[in-house]
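Heads up: the structure comes next, in structure tokens.
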Amino acid sequence: MELAEGSIKILVADDSETDRMILRSLVLKQGHRVVTAEDGQQAVELFILERPQLVLLDVLMPVMSGYEAARQIKQLAGEELVPVIFLTSLKDAQSLAECLDAGGDDFLSKPYSPLILQAKINAFNRMRMMHHTLQVQRDKIAGHNKRLLQEQAFAKEIFDKVAHSGCLNAHNLQHLQSPYAMFNGDVLIAARKPSGGMLVFLGDFAGHGLPAAIGAMPLAEIFYHMVAKGFSMPEILSEVNSKMKQVLPVSGFCCGGMVDIDFDSKVMKVWIGGLPDCYLYRTKTKTLDVLTSKWLPLGILSADKFDTGYEIIEVDYDDRLYLWSDGVIEAQDDQQHFFGEERLKAVFTNNEEPDQLFNEIKESVFSFIGEPTDDLSMIEISMVPRDSFSDKPVPVEASTIRGARNWSASFEFRPETLQSYNPIPLILHCLMQVPGVNLHSGRLYTILAELYSNALEHGVLGMDSSLKASLHGFTQYYAEREHRLQQLKEGFIRFWLEHKIEPQGGVLVITVADSGPGFNYQKMMNRITEDTNYHGRGVNLLRSFCRRVEYSEVGNQVTIEYAWNNELDSAHKGHH
Amino acid sequence: MEHIDLAALQELQEVMEDEYNQLVETFIRDSEQRIAAMDEALAEHDAEQMRELAHSLKGSCLNMFITPLAHLAREIENLARERQLEPISPLILGLQQEFKTVSRLLKETLTD
Amino acid sequence: MAVTAIQSEDGSELTIRIQGRFDFSEHQSFRDAYERTDKLPNQYTIDLNETTYLDSSALGMLLLLRDHAGGDTANIRIVNCKPDVKKILLISNFEQLFTIQ
């Protein structure tokens, strides 16, 4: 490809030798190279052979006319711009129009003026180079775009493995997220907790494209790891916030909402930082509770300033909580009107069948903007009975170290620790050092959590469990628990852990003692079989999982024995 | 009007340099052939052939700054396009006359 | 769309005014507005009186300014917000980081 502005190769086609000679000399004189043809056919052949950058064509030629030659040359040139200038003494409009129809770019009339010829050659050469540059750039952009799409597909594959390892497909969730929403910086993840509950997070990173998407990876990783290890929502939020603060640029952050769902007590704990108002639809009363964002988005505050609060909301079965990115109310029609809150609320007002709510919202937004969009994520979370889940608990990852089989350990947790630290993941992590025991992580988590909360709430904090029995007592109970915890000056909880090998498995002996006054466990043990209230259930639960549950001292010490074997299912049989 | 715009031709001569003589000879030879062929076209009542010949002659003449001859060729071209061969006959005579003069003048510009 | 910055005579206060949409396209001019000051002001005022829209990149830019102005010790007022603009700031609870009037 010849691109020097000075010199180009020019094809001159004219059947008149005189005219050909003159034009040839003029063009040569101006520093270009010339190839000459005596008719249209020759011109086309020479074009193929010599690939000149510009063509000067006589109109009336034998064998093949200039019109036809121009047509063929333009076709051969393809995407490259090869200017064709017709040499003519024709003056009538019809002939000139025909020249343009044939693909001619300009005319040069006889007698040839060297000045005009030069001006035209230069002008068309500039245009030709500009066209060439544009095309090179276009191809480059197309190439970049192709590569970008390939990279996105690759990134999406990795992202899907990390982000979609959870339970977004659970029957109590409905979600909307385009396959490439991650490239808008949207993230939607959900996971079952070892205790049987569920944690859901919907996030929307500031900005768009890869810079926004990139933070979703560490976020999802932390989320899944911590949920599986039994960390609580505030702990996960706090960790995610620190990580985002650490990895995102100062101007980057992640708006989001996290919901911790307890199917047993029908409680949702909700944290919203920077998402638009989220709605809780109470199916029985057909009312809408609006939950506003009360916290700063993730990744802005340093760890010591981050507030790990949340709202506790008691709901009923079939109630639905909706979280969404701002893409819903900010969805725009072709007049740039926002979908807005009024239209969103109207969907709820007009709804007749709650199961259809999610679809109705989706359709309402899509019909408003005229087409589905990438820039929108939302999720519906329904409260359902715990036993409606048939899925097996997801085991905590097995320790990669060939672990300890025969050991004992003890821990003592004191007030400052009890106030701000949840020791369950630490202890669970300890237990997971035993090879094979990871299949039992869900059950062990439940046992540990039960032992710990009994020791803390009824032992150290001296709370009366009957408070919890009242239907709407949960909120009150948790407020009181929080209050007493912050006032706590003395007290302790001790754990003794011991593991021994048994054929095809082992036995874990866990003893928990607290500094509390204890309780009349004989009395409780006696009436336990009839008691179906929440507060009695804890002990029932322990007994159903454990080979032995024994209270001792003044009732402030309990020992359990959990026998396990290498297959979860056969262990299961004994309890159900 | 001058038979040839000699000033313009002078410039062309400078552009053509060594090829100028060859150009003039080519022009004279081609034009002689064209004018002879026009005679034949007239005899054979071939208006299309007449038009093409006159068009080519016109173009060459214009490029050589031989304006009166170009004008005559254009008149003939126009008549041939209208298929009026009758009035062309006297014009061809004029054309031949003018060409003789032009040939003589052109030859005078040749260099050694 | 325009970002203008006026520094008080003693240099102690910098007022940045944003006209039209405040989004990523204003990134450079907003940065220039607070970085090209001779003396570091101790009070910043962001006047959003003529701001019609604010997106998440704008929130990011405000965070950049906050960082530039000393992070937790930054003294930044955001004034004259239109209701829509204010709502966006409040959804993200930016009143915890900035004085919004």
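Given the structure is predicted, the values throughout are model-derived calculations rather than measurements. Letters go in sequence order (proteins before strands), and every chain restarts at 1.
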Out of curiosity, C/I91 CD1 to A/K294 NZ, how far, rounded to the nearest 0.5 Å? 13.0 Å
So how far is it from A/S293 OG to C/L90 CG, rounded to the nearest 0.5 Å? 9.0 Å
Heavy atoms of other groups near A/K140 NZ, more than 12 under 6.0 Å: no
Could you tell me which portion of C/D72 (side chain, backbone, both or neither) has an atom closer than 4.5 angstrom to a non-hydrogen atom of chain A? side chain
Contact list (residues 92-101 of chain C to chain A, heavy-atom gap under 4.5 Å, by number) returns C/S92, C/N93, C/F94, C/Q96, C/L97
Distance in Å, A/F253 CZ paired with C/S56 OG, rounded so as to fall on 0.5 Å steps: 5.5 Å
In Å and rounded to the nearest 0.5 Å, what is the CD to OH distance from A/E330 to C/Y53? 4.5 Å
Exceeds 12 heavy-atom contacts within 6.0 angstrom, atom CG of A/D333: yes
In residues 271-280 of chain A, which residues are in contact with chain C at a heavy-atom separation under 4.5 Å? A/G274, A/L275, A/P276
Checking A/K305 against chain C: side chain, backbone, both or neither under 4.5 Å from a heavy atom? side chain
What is the distance from atom CZ of C/R66 to atom OG of A/S251, rounded to the nearest 0.5 Å? 13.5 Å
For atom CZ of C/F24, is the number of surrounding heavy atoms from other residues, nucleotides or ligands below 6.0 Å larger than 12? no
